[in-house]
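Have a look at the structure below, then the notes.
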2 protein chains.
Amino acid sequence: MTALQSPFARKLGAFVTLSTLELSVLERLHSRRRTFVAGRDISHEGQTDQAAYILASGWVCSYKLLTNGSRQIVDFQIPGDFLGLRSVLLRTADHNIEPVTLIEASEVPVKDLMETFDATPRLGAAVLWAASRDEAMVVEHLVGLGRRDARERMAHFLLELSARLKLVGLATADGYACPLSQYLLADALGLSAVHVNRVLRELREMGLVTFQNGQVTFQDFDGLVALADFDTAYLDHEGPLMP
Amino acid sequence: MTALQSPFARKLGAFVTLSTLELSVLERLHSRRRTFVAGRDISHEGQTDQAAYILASGWVCSYKLLTNGSRQIVDFQIPGDFLGLRSVLLRTADHNIEPVTLIEASEVPVKDLMETFDATPRLGAAVLWAASRDEAMVVEHLVGLGRRDARERMAHFLLELSARLKLVGLATADGYACPLSQYLLADALGLSAVHVNRVLRELREMGLVTFQNGQVTFQDFDGLVALADFDTAYLDHEGPLMP
DNA sequence: CGGGCAATTGACTCTCATCAAACTGCGTGG
DNA sequence: CCACGCAGTTTGATGAGAGTCAATTGCCCG
């Protein structure tokens, strides 16, 4: 896979034009390709000396555990997303990272990351910008947990994933393949798995979306947008401020 | 106020040693001092060309509104905190910023910010590190909204504020002055104001904390920590990776 | 064929929102 | 100096949304 085709380049390319040099630097970042099996954590809260990764294929989740045994998934990462950038900046991982499926990811050692920032500041800015965009997503999740009911939360979540997946060519207007179990959805949306099931049934019976056999299919996209009060503004920022 | 005494320098100084040059650059960042009255927003979602601010005194909240009229406060900022960094990086504000009290803040134009990154990379790294720490806090809030009940949330919130305020000398082991109304607490914790009141009463009757007349007083700090499952790890990261 | 995991459904419970109504402290203006 | 209004706090009563417990179904895979 060349950098031009990599989901990461594709995502950045949707917002800025990258020079040949920058594309080749991107390609070099993809040299340390690794695979990880589903379910075994890549990184644990409290670990130091973390590497960052760029996800090439498969899905990942970032989560935190509470001592009472429950867990909260902070976000899912899809191809083209950066993993563990904050953990690198803070020197210690502040959350756990678990592959949801078999994944391929390119390890980016701190040194390479710093050198990239130095050698191609435009790429550095792009990475920072992507990180800010991810943070905006986390904020939106927080708003959902605080002020949306279960139906709205689910609708919003499915729509956000749709927008993100479209950017890397993994979704169409009709829907997308989604490898998440109802337990994972529950941990992400702050609900119980049982309630997730009921909410999905409701949305299906309302004729809005179906989520069955790992496939999300929109029946009434606009209706879903209306229900979720979904506004893509937080995803559709202008590209990074390029030096 | 010299940079040495500013809450921002004080906060950074708790994690790294700053050179005289760096302190003087910091001081220059504080030149455009402005004041804002409580209740009138400094910045609105969707606005472009945002400036960033360093908060010198007073309290601020960042929030988002939903079309159904409810609002979710994402975080409060206290003296020493940066405001609107993400809005600058994304070129568009993705949330609103409202002073809770009369505040003093130093405006930091994008240009100055970039120049600082360029001229004193260590300060740039420090700012980035502080931003990552703030993001870790947002993540912790998200976990609270998703997986903690009202009592735990309130306890955790009061403890986090305590830790943050201590860092800039605004709290003692006994407690701190807190200008937040129960409505603000409600919007931050994803609760109704009525329920906030009941929860505060409960915590008081359990002999853990009191929050009355704008003063938070700990009666049983350890008991509160236990109830909240509070772990300062997400606040106590090592200092920034200094180039 | 049996084990195991995810999805599904029903019955019951509990936390928290909502509505309503006092009550407080406080600044303003008559 | 007091009446008034207002914003914030406090308390009670009721109901809805979501959790928990439990049982069943469907399906994949050894």
Side-chain angles (χ1 to χ4, degrees), chain A residues 37-39 59 61 66 68-73 100-102 144-158 177-206 209-217 227, chain B residues 37-40 59 61 66 68-73 98-102 144-155 157 177-206 209-216 227:
Chain A
V37 299
W59 291 45
C61 71
L66 279 75
N68 67 26
S70 61
R71 88 165 171 176
Q72 177 64 46
I73 292 176
V100 170
T101 65
L102 176 70
L145 288 174
R147 292 298 183 202
R148 280 192 252 264
D149 68 21
R151 272 206 323 235
E152 295 167 340
R153 239 130 89 186
M154 178 65 76
H156 196 277
F157 177 80
L158 295 176
C178 180
L180 306 177
S181 73
Q182 295 184 354
Y183 288 92
L184 286 168
L185 292 177
D187 283 344
L189 300 177
L191 301 170
S192 68
V194 172
H195 203 58
V196 162
N197 186 283
R198 287 193 249 264
V199 168
L200 284 175
R201 174 157 57 89
E202 247 189 301
L203 293 179
R204 193 184 327 128
E205 289 172 351
M206 291 169 78
V209 242
T210 63
F211 184 170
Q212 281 166 325
N213 306 115
Q215 185 68 33
V216 173
T217 311
L227 169 66
Chain B
V37 298
R40 174 135 63 243
W59 292 44
C61 72
L66 280 75
N68 66 28
S70 61
R71 86 166 172 176
Q72 178 64 47
I73 291 177
E98 173 187 321
V100 170
T101 65
L102 177 69
L145 287 175
R147 291 300 183 202
R148 279 192 251 264
D149 67 21
R151 272 206 321 234
E152 296 168 338
R153 239 131 88 188
M154 178 64 77
F157 177 81
C178 180
L180 306 177
S181 73
Q182 296 183 353
Y183 288 93
L184 287 168
L185 292 176
D187 284 344
L189 299 176
L191 301 170
S192 67
V194 173
H195 203 58
V196 162
N197 185 281
R198 287 193 244 266
V199 168
L200 284 175
R201 174 155 59 89
E202 249 189 297
L203 293 179
R204 195 184 326 129
E205 288 171 353
M206 292 168 78
V209 242
T210 63
F211 185 169
Q212 282 167 323
N213 306 115
Q215 184 68 33
V216 173
L227 170 66

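Side chains are part of it too, since the values below use all heavy atoms of this structure and drop only hydrogens, waters and symmetry mates. Just so it is clear: chains get the letters A, B, ... in the order the sequence lines come, proteins before strands, and each one is counted from 1.
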Sugar-phosphate only, base, or nothing, as touched by A:Ser192 at under 4.0 Å among non-hydrogen atoms: base
Side chain proximity check, B:Leu203 to B:Leu227, heavy atoms < 4.5 angstrom: yes
Distance test, side-chain N/O of B:Gln182 to OP1/OP2 of D:dT10, below 4.0 Å: yes
Heavy-atom contact window of chain B on DNA chain C, given 5' to 3' at under 4.0 Å: C:dC16 to C:dC19
Members of residues 194-202 of chain B that approach DNA chain C, where some heavy atom sits under 4.0 Å away: B:Val194, B:His195, B:Arg198
Between P of D:dG17 and CG of A:Leu145, the distance in whole Å: 18 Å
B:Leu184 CG to D:dA7 C1', straight-line distance once rounded to whole Å: 12 Å
A:Val196 side chain near A:Phe211 side chain, heavy-atom distance below 4.5 Å: no
Under 3.5 Å donor-acceptor, A:Arg151 side chain and A:Leu200 backbone: no
Pairwise distance OG1(B:Thr210) to CD(B:Gln215) - rounded to 0.5 angstrom: 8.0 Å
CD-CE distance between A:Glu202 and A:Met154, expressed to the nearest 0.5 angstrom: 10.5 Å
Between D:dG15 (P) and A:Asp149 (CG): distance, integer Å: 20 Å
